[in-house]
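Take a look at the structure set out below.
Numbering of ligands and ligand atoms starts at 1, following listing order. By convention here, the first residue in the shown sequence is residue 1. If you're wondering where the values come from, they're calculated on a predicted model, not measured in any experiment. Excluded from the calculations below are hydrogen atoms, water molecules and symmetry mates; all remaining heavy atoms, backbone and side chain alike, are included.
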Amino acid sequence: MAMSSVPSEVPVIIVGAGAAGLATGACLKMRGVESVILEAGEAPGTTWRSLYDRLHLHTVKRLSGLPGYPMPRRMAHYPSRTEVADYLSDYAKRFVLHIETNCPVSAARRDGERWIVTTPQGERSARVLVSATGIFRNPETVAFPEQDSFRGTILNASIYKNAEPYAGQRVLVVGSGNTGAELAVDLAEHGIATSVAIRAGTNVVPRDLLGLPIQRWAHILESLPRTMQGVVRPAMLRRSAKRQLRAGVPRATAAAGQSDRVPIIGLAFLDEVKRGRIAIQGAIERFTPTGVRFADGHEAEYDTVILATGYLPALDYLAGVVPLDATGRPRVDGMRALDAPDLYFVALHQSIRGTLYIISREAPEVARQIAASLQPAATRRR
Ligand SMILES: Cc1cc2nc3c(=O)[nH]c(=O)nc-3n(C[C@H](O)[C@H](O)[C@H](O)COP(=O)(O)OP(=O)(O)OC[C@H]3O[C@@H](n4cnc5c(N)ncnc54)[C@H](O)[C@@H]3O)c2cc1C
């Protein structure tokens, strides 16, 4: 289904109608460049329509809006999942973006000066290809020894909606990122016996610190020289680090903000652990028919194991087109691919400053570069 009539020939194909694809389409439009957005799901913002019910942004709306249309006043300070999904739909309508839904791109290739993409509806071609496929369609798969012997249920966090199906069960959540922590809190709040397996430690930071969102602090820190960051960051996070130690949640070797890993944002997880409603376990050694044996040798029984082991960029359709590194990412100069011409990536990296915020910076820049590249050479020289 096309959301608005699609011109037969457009210079840019964008793959993915999430925040990144929509923002790029809008920024191109603001520069007079038409694009078509090919979306695997049924509607723009499919990811936010599919995520778990309790989800709210942990970034504030003022720093999470997309270019040309900030998140409106009626939305909560920390908007809910459905508010974000509705905002993305409104955004697509506002800029009258050409979106073809139910249109998964399965492959892309170069043909002379053009990109050709393959969809169930046939091939489409354009001068420029923008990849805005996010991570949600590519959960990182982890297989543990003897997993097949387990008689309970193993599922990926990407399909978790709410605690209802797990009433009366013993649930182990594997992984200590924001998703794992939030699902564990959701389960614990609904009285479900919940454990979390943490292999290598994690960092937990408050959502708000001294009246400012932690996201705002991340922006402030970023503006300081590196040496000052190294002094200010630990001082800022000393209290939450102590709380984490008191709760018995192992800490990561790199402090929050010092690695690419986004820390757990919000202290609800620590509170539930301290109350004894979430049990912390170590690394998994192997599955047993009734549960899990941990690296320290003890065993525990579970009915359901939820794998919240992270995501990788959803770039399957570019297999063989550009090489990907161990984290599933291509080589880029900013957002431009280094290993193929006229190929851009928006939102390849997550950040504590907020991926939506990053998108609001990357999309206008990608649009600027594309618009410049589409100008005839003679005009460009002027
Ligand atoms: C649980 C969770 C909470 C988050 N919370 C925050 C937050 O509080 N603040 C923040 O700033 N960021 C947050 N993020 C990070 C980020 O903002 C979101 O992941 C955001 O959705 C990224 O937008 P995107 O457009 O890159 O990806 P997505 O929103 O996932 O959009 C990608 C789109 O591409 C489509 N697609 C994928 N592959 C194909 C294909 N081959 N062909 C066609 N279409 C395809 C998908 O269906 C999807 O619609 C969160 C992420 C998650 C998972």
Where ligand 1 meets [X] - atom numbers and elements under 4.0 angstrom, heavy-atom basis:
X: V15; result: 40 (C), 42 (N), 43 (C)
X: A347; result: 26 (O)
X: G354; result: 11 (O)

Note the single closest protein heavy atom to [atom], along with its residue, its atom name and the distance in Å.
atom: atom 34 (O) of ligand 1; answer: G16 CA, 3.2 Å
atom: atom 9 (N) of ligand 1; answer: T59 OG1, 2.8 Å
atom: atom 11 (O) of ligand 1; answer: L356 N, 2.8 Å
atom: atom 19 (O) of ligand 1; answer: Q350 OE1, 4.7 Å
atom: atom 16 (C) of ligand 1; answer: T355 CB, 3.5 Å
atom: atom 52 (C) of ligand 1; answer: L51 CD1, 4.4 Å
atom: atom 39 (C) of ligand 1; answer: T133 CG2, 3.6 Å
atom: atom 45 (C) of ligand 1; answer: A40 CB, 3.8 Å

Side chain, backbone, both or neither: which applies to [X] and ligand 1 if a contact is any heavy-atom pair less than 4.0 Å apart?
X: V105; result: both
X: A132; result: backbone
X: I359; result: side chain
X: H58; result: both

[Y]/[X] salt bridge by N-O under 4.0 Å criterion:
X: D86; Y: R81; value: no
X: D90; Y: R74; value: yes
X: D271; Y: K274; value: no
X: R124; Y: E100; value: yes

Task: Verdict with reasoning, D339 to R331, per salt bridge (charged side-chain N to carboxylate O under 4.0 Å, His left out) - done: CA-CA 7 Å; D339 295 308; R331 291 194 320 134; 2.9 Å; yes
Open item on the list: Assess the residue pair R54 and E189 against the criterion (salt bridge (charged side-chain N to carboxylate O under 4.0 Å, His left out)); give the C-alpha distance rounded to whole Å, side-chain angles, the decisive distance to 0.1 Å, and a yes or no.
Closed with: CA-CA 11 Å; R54 103 178 245 121; E189 282 180 359; 2.8 Å; yes
Open item on the list: Show, in sequence, the C-alpha distance, side-chain angles and deciding distance for R114 and D111, and conclude whether the salt bridge (charged side-chain N to carboxylate O under 4.0 Å, His left out) test is met.
Closed with: CA-CA 5 Å; R114 297 181 72 76; D111 184 7; over 6 Å; no
- [ ] Return a yes/no value: protein heavy atom under 4.0 Å from atom 30 (O) of ligand 1?
- [x]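 Neighbour list for atom 30 (O) of ligand 1 includes protein heavy atoms (cut-off 4.0 Å).
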Task: Per-atom contact, atom 4 (C) of ligand 1, protein heavy atoms, under 4.0 angstrom - done: yes
Please confirm whether [X] approaches ligand 1 to less than 4.0 Å, judged on its heavy atoms.
X: C103; answer: yes
X: W48; answer: yes
X: S64; answer: no

For [X], is at least one N or O under 3.5 Å away from an N or O on ligand 1?
X: E39; result: yes
X: A20; result: yes
X: Y357; result: no
X: T47; result: yes

TODO: Measure from atom 27 (O) of ligand 1 to every heavy atom in A314, G177, G134 and give the option owning the shortest one.
DONE: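 Looking at heavy atoms only, the winner is G134.
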- [ ] Assess whether salt bridge (charged side-chain N to carboxylate O under 4.0 Å, His left out) is satisfied between R151 and E301, documenting all intermediate values.
- [x] CA-CA 11 Å; R151 292 198 294 264; E301 297 195 341; over 6 Å; no
- [ ] Indicate whether any N or O donor in one side chain lies under 3.5 Å from an N or O acceptor in the other, for S158 and Y311.
- [x] no
- [ ] Indicate whether any N or O donor in one side chain lies under 3.5 Å from an N or O acceptor in the other, for H56 and E83.
- [x]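 There is no such pair (donor and acceptor under 3.5 Å, judged by atom type) between the side chains of H56 and E83.
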- [ ] Kindly determine whether Y357 and H219 satisfy ring pair (Phe, Tyr, Trp, His ring centres under 6.0 Å), including the steps that lead there.
- [x] CA-CA 10 Å; Y357 173 80; H219 287 246; 4.3 Å; yes
Open item on the list: Taking the cut-offs as 6.0 angstrom to the six-membered ring centre and 45 degrees off its axis, would you call R127 and W115 a cation-pi pair?
Closed with: no
Open item on the list: Who clusters with F144? Use side-chain heavy atoms, under 4.5 angstrom, across I, L, V, M, F, W and Y, and order the result by chain and number.
Closed with: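 F144 clusters with V142, F150, I154, L172, V174, I284, F287, V292, F294, Y302, V305, L307.
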Open item on the list: Restricting to side chain to side chain contact (heavy atoms under 4.5 Å, CB included), what partner residues turn up for A241, sequence neighbours left out?
Closed with: R251
